[in-house]
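Everything numeric here is computed off the predicted structure, so don't read it as measured data. Only this structure's heavy atoms are used, side chains among them; waters, hydrogens and symmetry mates stay out. Order of listing sets the numbers, starting from 1, for every ligand and every atom in it.
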Amino acid sequence: MLDQIRVVLINTSHPGNIGAAARAMKTMGLQDLVLVDPKGYEDGKPSAETYEIAEARSSGATDVFEQAKVVATLEEATADCGVVFGASARSRSLPWPLMHPRKASSKAVEAMRANNRIALVFGRERTGLTNEELAQCHVHVHIPTNPDYASLNVAAAVQVLTYEMRMAVLDAQDQLDAAYDGTWGVNWDHELANQGELNSFFTHLESTLVDIEFLDPNNPKQLMPKLRRLFQRAAPDKVEINILRGVLKMMGRAQKSDASERVASQAASSSDLNKE
Ligand code: SAH
């Protein structure tokens with residue numbers, strides 16, 4: 001699906017931004033870059049200086065900007081696209097269907113499922129997209145930035161939009177939660193402790209808390225249910241429960257030797273008394 005997404009940069013004046021946009025695209029798994037009348041190009045080729053600056057900023061995504069198609073107009077850049085998204089920081093006097101990147105990405109996935117190619121169109125550094133260019137887009141995508149300082153660098157805007165597109169595509173392909181959900185034993189190194197193991201742990205915990213006189217069995221209040229709630233929220237695995245059981249065992253041992261030391265010292269002091 002990601003190969004159905006095209007990035008179109010209009011009239012970019014700084015070659016470094018083309019390199020940075022290529023890098024942003026490649027990190028998100030995109031390849032299809034089209035440049036509309038970029039500065040520093042002649043007959044569809046970058047000048048030596050343009051190449052050098054773009055290459056440096058692309059940081060290894062050289063292939064993406066080397067393969068970029070150079071065209072003269074937005075019409076040419078988007079002729080084979082089913083849905084065109086125009087990114088702009090500015091609201092317009094003639095309102096256009098407006099979406100934030102997440103909504104736009106879910107719409108893009110719908111369109112791509114139906115085999116459409118889609119385009120993400122970005123404007124010039126200084127003046128953005130003209131009204132005529134935005135009118136050639138189905139949707140105006142606005143990244144919800146600070147209203148008092150709304151405009152991102154064009155390559156940063158490419159990064160944000162292509163990231164959202166990638167998230168939506170991975171999610172649609174069920175690759176997101178399966179790879180990233182690090183709770184409930186998913187992608188975990190050990191199995192979750194089962195309820196039987198948890199119950200034995202809570203029994204052990206309760207008796208230790210009584211032994212160390214933290215829990216008064218005649219007035220337990222809600223200590224145990226609260227501790228149960230805490231540990232169940234953490235969803236401990238088998239190894240973690242074993243560690244906790246080990247801690248309780250050593251606490252029990254320390255408590256016993258403490259108690260016998262106390263008995264021994266009491267016995268010693270009473271025999272001292274007897275001597276006198
Ligand atoms: N001063 C220009 C800003 C251009 S920034 C203007 O007023 O439009 C260069 C490009 O980055 C924009 O044309 C747009 O495609 C993209 N961009 C920057 N900030 C954006 C935002 N908040 N939402 C959507 N696109 C944005």
query: For atom 14 (C) of ligand 1, what is the nearest protein heavy atom, given as residue, atom name and distance?
result: Ala87 O, 3.1 Å
field: Residue, atom name and distance, where the atom is the protein heavy atom closest to atom 8 (O) of ligand 1
entry: Arg90 NE, 3.3 Å
Distance from atom 20 (C) of ligand 1 to nearest protein heavy atom, with residue and atom: Ala89 CB, 3.6 Å
field: Pro95 to Ser93 - nearest heavy-atom pair and separation
entry: CD-O, 3.2 Å
- line: Between Thr50 and Gly40, the two heavy atoms sitting closest are OG1-O, 2.8 Å
statement: Among non-hydrogen protein atoms, atom 19 (N) of ligand 1 lies closest to Leu152 N, 2.9 Å
field: Sub-4.0 Å atoms of ligand 1 with respect to non-hydrogen atoms of Arg124
entry: 4 (C), 9 (C)
- prompt: Would the number of heavy atoms belonging to other residues, nucleotides or ligands and lying under 6.0 Å from CE of Met167 be above 12?
  reply: no
query: Is Asn194 close to Lys238 at the side-chain level, that is, under 4.5 Å between some pair of heavy atoms?
result: yes
- prompt: Should the proximity of Thr145 to ligand 1, defined as any heavy atom under 4.0 Å, be assigned to the side chain, the backbone, both, or neither?
  reply: side chain
field: Ligand-side contact atoms (ligand 1) for residue partner Gly128, heavy atom cut-off under 4.0 Å
entry: 2 (C), 4 (C), 8 (O), 13 (O)
message: Taking Leu129's backbone N and O only, do any of them form a donor-acceptor pair with Arg90's side chain (distance below 3.5 Å, no angle check)?
response: yes
field: Expected output: side-chain Arg6 to main-chain Ala77 donor-acceptor under 3.5 Å
entry: yes
message: Using a 4.0 Å cut-off to any heavy atom of Ser88, which atoms of ligand 1 qualify?
response: 23 (N), 24 (C), 25 (N)
statement: Within 4.0 Å of some non-hydrogen atom of Arg126, the atoms of ligand 1 are 1 (N), 2 (C)
- request: Identify the protein heavy atom lying closest to atom 23 (N) of ligand 1, giving its residue, its atom name and the separation to 0.1 Å.
  value: Ile143 N, 2.9 Å
field: Identity and separation of the nearest protein heavy atom to atom 12 (C) of ligand 1
entry: Gly123 N, 3.9 Å
- request: Describe, in one word, how the ring planes of Tyr51 and Phe65 are oriented to each other, choosing from parallel (under 30°), tilted (30 to 60°) and perpendicular (over 60°).
  value: tilted
Nearest atoms (heavy-atom pairs only) where Thr27 meets Ala24: OG1-O, 2.7 Å
query: What is the closest protein heavy atom to atom 22 (N) of ligand 1, and at what distance does it sit?
result: Ala150 O, 3.0 Å
- prompt: Would you say Thr130's side chain and Glu133's backbone share a donor-acceptor pair under 3.5 angstrom?
  reply: yes
- request: Heavy-atom contacts with Val141 under 4.0 Å: which atoms of ligand 1 show up? List them by number with element.
  value: 24 (C)
query: Looking at atom 3 (C) of ligand 1, what's its closest protein heavy atom, distance included?
result: Ser151 OG, 3.2 Å
message: Between Lys26 and Asp63, does any NZ, NE, NH1 or NH2 come within less than 4.0 Å of an OD or OE carboxylate oxygen?
response: yes
- prompt: Which ligand 1 atoms does Phe122 reach within 4.0 Å, using its non-hydrogen atoms?
  reply: 15 (O)
